[in-house]
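Have a look at the structure below before the remarks.
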Amino acid sequence: MIGYLATYRQILAVIPVSLTEFNMGIGCGWLAPAIKKLLEDSSGEITANSDQASWIASLYDFGKMFGSILTMMILDIIGRSPMLRIGSFLIFLTWLIVIFTKSAPVLVFARFGYGIAVGICDVVCAIYLGENCTPKIRGISCCVSVFCFFFAVLLAFALGTYLPYSVTSIVSAAISFICLLSSVLLVESPQFLTLRGKFDKAEKNLMWLRGTTSKNSQVDIRQEYEAIKSNIEFEKQKKKSYYETFAKSSTNLKSLVIVLVISLSQPACGSASIFSYISIMFPTSEFVSSNEFTVWFGTIQLISATVCVLVIEKFKRRSIALLSNLVFLLCHSGIAFFYYANENTSAKYDSWMMFILIGIYSIFNVAMDSVFYLVRSELFPQSIKPFGCGVSIIAESILDFATVKVFLMVAEKYGMYVNFVIYAIFSFLTFLFCYFALPETRGKSLVYIQRELDKKI
């Protein structure tokens with residue numbers, strides 16, 4: 001009974017995080033069909049040239065960087081729950097701007113603000129789940145959040161494809177408001193409360209999350225809490241200047257390097273660019289429009305996210321990362337070949353062949369996205385958790401911004417295939433890094449993971 005109660009309460013605490021991911025996914029999925037309408041519908045409610053469209057697509061990542069910087073500076077002061085509420089409110093606010101503006105430059109500003117909000121939520125969600133969930137359901141909880149993100153992306157693809165621009169914006173704002181209301185269910189993590197010296201509240205929250213109903217289970221929870229408290233006290237002693245934090249702790253440095261490389265591998269392997277420009281990457285065929293291709297792309301991602309929820313605790317994180325990057329290498333190589341043949345030879349290949357390869361890539365990209373989510377929540381010691389998560393999101397955002405901004409420029413100047421040749425190279429390099437450096441964390445407590453990292457140095 002206690003196990004079921006603990007699972008129920010942790011699920012209840014995770015619901016607002018999943019809806020926050022849904023909130024972020026609506027905004028991310030809105031982009032691809034919106035960009036197509038802005039560029040191609042000259043009689044539409046709002047139009048943009050290619051330069052403005054590239055800024056609308058890419059400046060979101062620049063805002064995400066600022067949101068991450070802000071979060072890593074104040075997260076351990078304000079707390080996980082308040083920061084998530086702030087991020088959710090900012091997302092809703094940016095939708096109001098989108099609804100009422102008819103200007104492309106203002107839309108650029110709105111996407112920048114949306115990026116700030118996502119930067120806040122992206123850093124906090126992984127930390128919140130890692131601290132509040134037991135190892136038994138931590139992986140599943142993270143994958144459910146990823147599932148909600150991609151479900152929202154598919155919904156946004158469909159709304160953007162089949163509804164007018166203004167209606168899509170209003171529906172998105174309404175969904176965002178509902179997600180914002182769910183933040184009342186957030187439960188502050190015991191780790192943060194302990195860090196701020198609120199020991200009684202921290203122990204009370206931990207007992208609630210673990211479903212404590214008997215004296216024997218209370219003894220077990222107190223032992224878990226004492227381990228958390230001891231680890232935080234140890235980490236607080238290590239937390240001085242950033243230089244000392246990393247120069248005097250190989251564990252801190254190692255965890256930061258691993259998460260940084262994994263985070264940078266996402267855009268380097270094409271995730272942000274494909275996601276942003278999927279609606280214009282495939283020409284309309286006699287059977288299906290490019291926007292309908294986008295909906296199919298979103299459907300494939302959602303199916304993959306569903307599978308991840310079911311199998312994430314059955315396979316090692318490291319194995320998933322290795323297989324995913326090997327698939328990326330093969331898919332990007334094939335896509336580069338087809339684009340090169342279509343652009344530079346008399347041989348012509350149907351866009352369906354490229355879509356199948358992109359579809360296979362998207363399946364494993366969702367799996368890799370889940371691994372990235374998990375390593376952020378699991379690898380960082382308490383003393384550098386906000387800083388480490390913030391830096392990893394900042395680094396990812398900068399490279400996202402760069403790859404999205406130059407994608408069309410590279411395609412126009414050198415050919416679309418060059419983008420995918422670059423992605424294939426980085427997929428191979430990421431495979432090598434995961435093989436030699438990525439540790440296994442499945443089924444292990446956060447304290448135990450840190451002890452293992454210490455031993456391996």
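Quick caveat: nothing in here was measured; it's all calculated off a predicted structure.
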Would you give the length of the straight line joining atom [atom1] of [X] to atom [atom2] of [Y], rounded to the nearest 0.5 angstrom?
| X | Y | atom1 | atom2 | answer |
| --- | --- | --- | --- | --- |
| Cys143 | Asp369 | SG | CG | 9.5 Å |
| Glu396 | Gln266 | CD | CD | 6.5 Å |
| Trp30 | Thr168 | CH2 | OG1 | 9.5 Å |
| Ile303 | Ile363 | CD1 | CD1 | 8.0 Å |
| Ile26 | Leu31 | CD1 | CG | 13.0 Å |
| Leu180 | Leu19 | CG | CG | 11.0 Å |

For the NZ atom on Lys102, are there more than 12 heavy atoms of other groups (residues, nucleotides or ligands in this structure) within a distance under 6.0 Å?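 Yes, NZ of Lys102 has more than 12 neighbouring heavy atoms, counting only those of other groups under 6.0 Å.
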Neighbour count above 12 (heavy atom, 6.0 Å) for Phe62 CZ: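 Atom CZ in Phe62 is not crowded, with 12 or fewer foreign heavy atoms closer than 6.0 Å.
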Would you name the heavy atoms of [X] and [Y] that are closest together and state the gap between them?
| X | Y | answer |
| --- | --- | --- |
| Ala437 | Ile258 | O-CD1, 3.5 Å |
| Thr71 | Gly119 | OG1-O, 4.2 Å |
| Ile127 | Cys389 | CG1-SG, 3.6 Å |
| Val123 | Gly390 | CG2-CA, 3.9 Å |
| Ser145 | Glu21 | O-CB, 3.3 Å |
| Ile91 | Tyr114 | CG2-CE1, 4.1 Å |

Just do the side chain to side chain contact (heavy atoms under 4.5 Å, CB included) check on Met24 and Val118 with the steps written out, would you? CA-CA 6 Å; Met24 291 190 284; Val118 170; 3.7 Å; yes
Taking [Y]'s backbone N and O only, do any of them form a donor-acceptor pair with [X]'s side chain (distance below 3.5 Å, no angle check)?
| X | Y | answer |
| --- | --- | --- |
| Ser88 | Arg85 | no |
| Thr403 | Ser273 | no |
| Ser176 | Ala173 | no |
| Glu378 | Gly130 | no |
| Ser169 | Ile99 | no |
| Asn325 | Ala321 | yes |
| Ser141 | Ile137 | yes |
| Tyr128 | Val187 | yes |
| Ser362 | Gly359 | yes |
| Arg442 | Gly139 | no |

Please tell me if the side chains of [X] and [Y] come closer than 4.5 Å, counting only heavy atoms from C-beta onward.
| X | Y | value |
| --- | --- | --- |
| Phe426 | Leu429 | yes |
| Cys121 | Leu90 | no |
| Val259 | Phe380 | yes |
| Leu84 | Pro16 | no |
| Phe420 | Ile274 | yes |
| Asn23 | Ile178 | no |
| Leu438 | Phe433 | no |
| Pro386 | Ile74 | no |

Taking the six-membered ring for Trp, is the centroid-to-centroid distance between Phe112 and Phe109 below 6.0 Å?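 For Phe112 and Phe109, the ring centres are not under 6.0 Å apart.
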Is the Lys NZ or Arg CZ of Arg376 less than 6.0 Å from the centre of Phe372's six-membered ring, within 45° of the axis?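 Positive - Arg376 is close enough to the ring of Phe372 and near enough to its axis.
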Take the angle between the ring planes of Tyr361 and Phe328 and call it parallel below 30°, perpendicular above 60°, tilted in between.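 Rings of Tyr361 and Phe328: tilted, as their planes differ by 30° to 60°.
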Classify the ring geometry between Tyr340 and Tyr417 as parallel (under 30°), tilted (30 to 60°) or perpendicular (over 60°).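 The rings of Tyr340 and Tyr417 stand perpendicular, inter-plane angle above 60°.
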Between the side chains of Asn132 and Gln10, is a donor N or O closer than 3.5 angstrom to an acceptor N or O?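 There is no such pair (donor and acceptor under 3.5 Å, judged by atom type) between the side chains of Asn132 and Gln10.
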What's the verdict on side chain to side chain contact (heavy atoms under 4.5 Å, CB included) for Ser324 and Val371, showing C-alpha distance, side-chain angles and the deciding distance? CA-CA 10 Å; Ser324 297; Val371 172; over 6 Å; no
Show the numbers, then the answer: is there a side chain to side chain contact (heavy atoms under 4.5 Å, CB included) between Leu379 and Leu256? CA-CA 8 Å; Leu379 282 188; Leu256 181 64; over 6 Å; no
Side-chain donor/acceptor pairs under 3.5 Å, residues 148-159, sequence neighbours excluded:
none

With His332 as reference, evaluate Tyr423, Phe428, Phe364 under the ring-ring contact (aromatic ring centres under 6.0 Å, His included) test and give the passing residue.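 Testing each of Tyr423, Phe428, Phe364 against His332, the sole residue satisfying ring-ring contact (aromatic ring centres under 6.0 Å, His included) is Tyr423.
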Cys434 vs Val261, test: side chain to side chain contact (heavy atoms under 4.5 Å, CB included). Steps then yes/no. CA-CA 9 Å; Cys434 291; Val261 173; over 6 Å; no
